[in-house]
A.B. asks: 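Below is one structure. I have some questions about it.
Labels below follow one simple rule: chain letters A, B, ... track the order of the sequence lines, proteins then strands, and each chain is numbered from 1. Basis for what follows: all heavy atoms, side chains included, without hydrogens, waters or symmetry-related copies.
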Amino acid sequence: MNVILSIAKTTVGEAIRRRVLLVILLIGVLFLVIAPGLQTLSARQNFAVLTSFALGIIQLTSAVIAIVLTVYMIPNEIERRTIYTILSKPVQRWQFILGKYFGAIAALAMMMALMSVAFFAVFYIVQPEARSQIGNIAKGPMMFFVQMSLLAAVAMLFSTFVAPIVNMFLSGGVYLVGTLFNAVFQTISENDQLPGLVKGAAGVIYTVVPNFGQFNISNPLINPGTEIKGETLFFVQLAGYAILYITVALIIAVIVFDRREV
Amino acid sequence: MKLKRTPLIATAVSAFLGAGLLNTLVTGPHYMDQYPRALGGNATENLSPDQLLVTIAGFREMVAGILWVRADSFFEEGNYDAILPIIRLVTWLDPRQLDVYATGMWHMAYNFTDEESRSDRRYIPSAVALGREGSQNNDYTYELFFETGWLFYHKIDDDYGQAVKWWEAAHTKKDMQTARRNILAMAYMRNGQLNDTTRLYRDLLTEAEEAFEGDNVFTNRQNRDTLESNYDNHLMRMVQRGNFAQERGDFDQGLYDTKPPFDVRFSARVTVTDSKVLQVEGTWGVQPVGSRIRMVLRDKDFPNALPAQMVWDQADRVDLDPPKDITWVQDGLFVRNQRFNRRIDLSRDPTMYPFRSENYIIEFYYNPRSAPPHIQDKFGFNGEGMTDQNFLNTEIRPGTRVLYATLEITRDQLLRRGQYALDRETPIVQTKNFVAPSGAAVNDVLEVPGIRSAQPEQPQARPERPRIPPTRTAPTSTGR
């Protein structure tokens with residue numbers, strides 16, 4: 001366990017020092033600061049527009065950070081040959097993978113926390129009548145963190161066998177499909193005119209590709225009168241789904257990395 | 001510690017199956033339940049992939065706002081056709097935009113008009129469907145229930161039971177505005193629920209008095225005074241029109257304003273003066289100003305047509321492009337000096353009036369429940385004081401005595417084709433009792449005291465006006 005923690009700590013340090021991540025983070029925070037300017041888009045729904053936009057920025061920025069952070073993690077170690085110094089010590093490959101992963105999500109958590117704090121500070125200033133909502137809105141970034149942990153696991157899995165640039169598109173594509181497909185699948189499954197083969201293929205994709213979309217709980221956070229039935233249970237179920245999928249991704253990553261010559 | 005591959009694979013397969021089942025059976029369906037749906041499909045139907053992307057990627061409220069700003073600029077430019085798709089898109093992207101739903105309903109119901117400002121009523125079922133969708137998606141607030149009720153009460157101006165239904169639903173919402181609660185009483189009245197009107201006015205007045213006692217501010221005073229006035233008027237009318245007597249069963253014994261029923265002596269003639277140009281004239285024996293006879297010209301086989309109306313809430317989905325091969329013309333014939341005479345030119349709006357069907361019905365309809373109070377004082381709430389030897393109808397609107405007459409006309413007649421072409425034969429359809437008026441031209445001037453009677457270009461050959469009080473004119477001398 002100490003080995004995993006040591007690798008995770010080192011990974012966090014590396015992530016914080018990477019300028020590209022800091023630039024992405026800075027852009028995200030800047031968007032959050034200017035978000036109140038968009039409130040004018042809707043005369044009566046300032047709260048909804050601001051919150052929706054801010055949560056969207058947090059989600060998008062976090063996804064970019066998660067992908068950029070993880071796709072280079074293992075290939076860089078191999079390319080710089082630093083992996084030899086690690087693996088020559090009493091460190092198993094699975095410990096290396098897990099350490100890297102936990103380090104990545106710890107770094108991600110810090111960056112997302114920073115963005116959330118920036119958003120809540122802005123919200124506190126421009127929405128004084130809705131300050132009591134901040135606790136409720138915080139559920140949004142929390143679920144995004146679970147979503148990004150899943151994305152990081154998927155990107156880490158791909159990073160064990162593809163090049164970083166390819167991985168970037170691959171992980172981005174999976175994230176896109178996993179985000180969009182929830183609604184598309186419903187449309188397909190309810191369309192009686194489509195052949196069974198198409199519906200079957202949609203069902204396979206729906207089952208195989210991680211369902212990232214369901215971690216976006218902005219709708220009930222933004223809109224009055226909408227609430228998640230059995231919210232705590234739903235969050236637990238989502239977390240369980242993420243943990244199961246992360247487990248699958250990391251096990252495959254470990255198996256692939258274990259067989260790989262470095 | 002070296003991991004063994006077989007248990008790892010077994011664990012991965014188990015976790016994968018668990019995740020798949022959890023997603024398919026539990027979290028996925030549960031997640032979709034949070035999202036409101038458009039009528040007739042789900043929230044993502046008809047969105048292009050890029051719209052879908054921004055929608056689900058977390059920026060839907062922002063995109064909806066941007067689109068609505070764009071729609072506003074189309075309103076200013078008068079580009080009404082471009083607005084509907086944006087309204088639909090915005091309500092898909094953000095089904096919480098109350099203003100967009102309300103504006104969309106109004107736009108569909110009121111703004112698509114012909115050259116003479118008659119609304120294209122083929123849009124109304126879609127406007128109602130939009131209101132239904134909006135109220136379902138925003139059932140926490142009274143607003144869209146109120147707006148949908150208003151569509152029935154004001155635009156459709158019939159089928160008041162629907163207005164009552166929607167406004168009763170609006171009344172159950174916590175945020176229902178005090179000033180708007182009043183109007184449910186009016187809907188009850190027009191729907192023939194007079195005792196419900198009385199009860200609601202009394203309850204609202206009691207609440208208003210309590211509010212005024214609690215806080216002596218102008219708005220509370222104004223609300224109390226308005227309700228007091230409305231309540232008094234309503235009770236007075238029920239007394240004078242004999243409604244309380246009807247409930248007691250001694251209506252026959254008293255002298256009430258609605259007795260004896262007044263014969264309106266309705267007759268009508270429709271002349272097709274040119275292709276798609278009608279001259280509609282007739283008689284309505286009511287002297288006071290304020291009568292407006294509804295005229296509907298429609299396909300004989302118009303889908304879901306009812307006497308003088310259609311099933312307005314027939315649409316189960318919002319259709320931005322209602323069927324363009326059916327014809328529905330609706331107009332109000334304003335009565336002056338006991339006559340109406342109106343030229344209706346339908347030739348300039350071929351898309352609104354396609355005239356594809358072979359046979360048409362012209363309906364004339366008057367419902368005392370829609371009448372202004374000074375006429376209703378004689379006709380009564382339910383038409384007790386109105387009759388007509390030929391066209392009184394007590395069946396098409398149960399509980400109400402209405403006027404209803406129909407004429408049939410063919411496509412050839414309307415388009416002046418075949419035997420009706422080139423002035424060979426002028427198509428005329430009329431009620432059996434129609435008698436062409438003599439000296440019709442002079443009667444086109446409204447014979448009531450008013451500014452018009454002081455104008456110098458009055459016709460000289462004015463017939464005698466024995467029953468009209470002397471006209472008040474402005475003093476001509478400058479000394480007083």
Side-chain angles (χ1 to χ4, degrees), chain A residues 38 40-45 48-49 51-53 55-60 92 94-95 176 179-180 182-187 190 203 206-208 210-211 213-214 216-220 222-230 234 237-238 240-248 251-252 254-255 258, chain B residues 1-3 5 8-24 26-36 41-47 49 52-69 94-100 137-141:
Chain A
L38 293 168
T40 52
L41 288 174
S42 181
R44 292 201 296 169
Q45 293 185 296
V49 172
T51 312
S52 155
F53 180 69
L55 290 177
I57 287 296
I58 291 173
Q59 183 188 13
L60 195 62
Q92 298 293 325
W94 65 268
Q95 290 172 321
L176 202 61
T179 305
L180 297 182
N182 207 359
V184 176
F185 174 72
Q186 189 157 29
T187 303
E190 289 177 1
Y206 188 63
T207 310
V208 173
N211 188 345
Q214 61 190 342
N216 184 345
I217 55 163
S218 303
N219 192 50
I222 292 167
N223 295 307
T226 306
E227 57 183 29
I228 303 170
K229 291 170 194 162
F234 181 60
Q237 288 166 341
L238 280 182
Y241 170 75
I243 289 168
L244 285 173
Y245 222 104
I246 290 167
T247 305
V248 174
I251 286 175
I252 297 171
V254 165
I255 292 171
D258 203 35
Chain B
M1 185 181 68
K2 184 84 175 169
L3 291 177
R5 189 169 297 169
L8 271 184
I9 293 171
T11 308
V13 170
S14 306
F16 180 73
L17 290 175
L21 288 173
L22 199 57
N23 177 38
T24 312
V26 184
T27 55
H30 194 161
Y31 176 77
M32 289 310 287
D33 285 346
Q34 303 164 34
Y35 279 87
N42 66 47
T44 57
E45 189 179 31
N46 295 334
L47 292 188
L52 199 62
L53 175 63
V54 292
T55 300
I56 302 168
F59 297 100
R60 26 184 243 156
E61 285 77 11
M62 188 193 74
V63 174
I66 292 169
L67 285 170
W68 189 230
V69 170
D94 185 4
R96 304 294 174 167
Q97 294 260 10
L98 302 175
D99 295 333
V100 181
N137 287 340
N138 298 279
D139 61 358
Y140 65 94
T141 175

A.B. asks: Quick check: closest heavy atoms across B:Phe16 and A:Val248, and the distance to 0.1 Å?
C.D. replies: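 B:Phe16 and A:Val248 have their closest heavy atoms at N-CG2, 3.3 Å.
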
A.B. asks: Which residues pass the side chain to side chain contact (heavy atoms under 4.5 Å, CB included) test with B:Leu17, not counting sequence neighbours?
C.D. replies: B:Val13

A.B. asks: Minimum heavy-atom separation for B:Ala19 to A:Leu244, with atom names?
C.D. replies: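 Nearest pair, atom of B:Ala19 first, then A:Leu244: N-CD1, 3.6 Å.
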
A.B. asks: Quick check on the interface: out of A:Thr51, A:Ile251, A:Thr247, A:Val254, who has the most heavy-atom pairs with chain B under 4.5 Å?
C.D. replies: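 Heavy-atom pair counts peak at A:Ile251.
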
A.B. asks: For B:Thr27 and A:Gln237, does a side-chain donor sit closer than 3.5 Å to a side-chain acceptor?
C.D. replies: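 Note: B:Thr27 and A:Gln237 side chains miss the donor-acceptor criterion.
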
A.B. asks: Using the side chain to side chain contact (heavy atoms under 4.5 Å, CB included) rule, take B:Asn23 and A:Thr207 through it: C-alpha gap first, then chi angles, then the decisive distance, then the call.
C.D. replies: CA-CA 7 Å; B:Asn23 177 38; A:Thr207 310; 5.9 Å; no

A.B. asks: Quick one: CD1 on A:Ile255 to CD1 on B:Ile9, what's the gap to the nearest 0.5 Å?
C.D. replies: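 Going from the CD1 atom of A:Ile255 to the CD1 atom of B:Ile9 covers 4.5 Å.
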
A.B. asks: Among residues at least two apart in sequence or on other chains, which ones pass side chain to side chain contact (heavy atoms under 4.5 Å, CB included) with B:Thr141?
C.D. replies: B:Leu98, B:Asn138, B:Glu143, B:Asp175

